[in-house]
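Computed from heavy atoms alone, side chains included, the values below leave out hydrogens, waters and symmetry copies.
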Amino acid sequence: MRAINESRQKGIISDTNKLLKLTTEFNAEIASENSGELTRAQVRKLAQIEKLAHSISEKMSANAWVTMGPQSPLSPQFH
C-alpha cells in the first residue's frame, strides 16, 4: 500500500511540474501577444493544461481515499 501511495505521489509531483511549465509558457505567450484572441496552438496548450489539471485532481482524490480509507489509522475509531 505504501509503495502505491509513493508511486502516486511521484506521479502527482511530475504532473504538477509539467502543469507549472505549461501554464508559465502559456502566460508568457498571452502576455507577449496582446491580440485578445487565442491561436490554435494556444487553444491546444490550454486543453493540455485542463487535461493535466484534471488528471492531477483525480490522482489526488484517489490518493486521499487510500490514505483516509475505512481501515486507515487516521479514521476515527468509535467504541
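- Cluster annotation: Val43 and Leu22 are assigned to the same hydrophobic cluster (Ile/Leu/Val/Met/Phe/Trp/Tyr, side-chain heavy-atom contacts under 4.5 Å, transitive).
- Panel note: side chain Thr24, backbone Leu20; a donor-acceptor pair is recorded below 3.5 Å.
- Side-chain contact check for Asn17 versus Lys21: every heavy-atom pair is 4.5 Å or farther apart.
- Side-chain atoms of Thr39 and Glu29, non-hydrogen and from C-beta on, never get closer than 4.5 Å to each other.
- Residue Ile56 forms a side-chain contact (heavy atoms from CB on, under 4.5 Å) with just one option from Glu58, Met60, His54, Lys59, and that option is Met60.
- A donor-acceptor distance shorter than 3.5 angstrom exists from the side chain of Thr16 to the backbone of Ile12, with no hydrogens or angles considered.
- Side chains of Gln48 and Lys45 form a contact here, defined as non-hydrogen atoms less than 4.5 Å apart.
- Summarising the geometry, atom CG belonging to Leu19 is positioned 11.0 Å from atom OG belonging to Ser14; distances are rounded to the nearest 0.5 Å.
- Both Ile30 and Leu46 are assigned to one and the same hydrophobic cluster, defined by single-linkage of ILVMFWY side chains at heavy-atom distances under 4.5 Å.
- The nearest pair of heavy atoms linking Glu37 to Gln42 is O-OE1, 3.9 Å.
- Checking side-chain atoms of Ser61 against main-chain N and O of Ser57 turns up a donor-acceptor pair under 3.5 Å.
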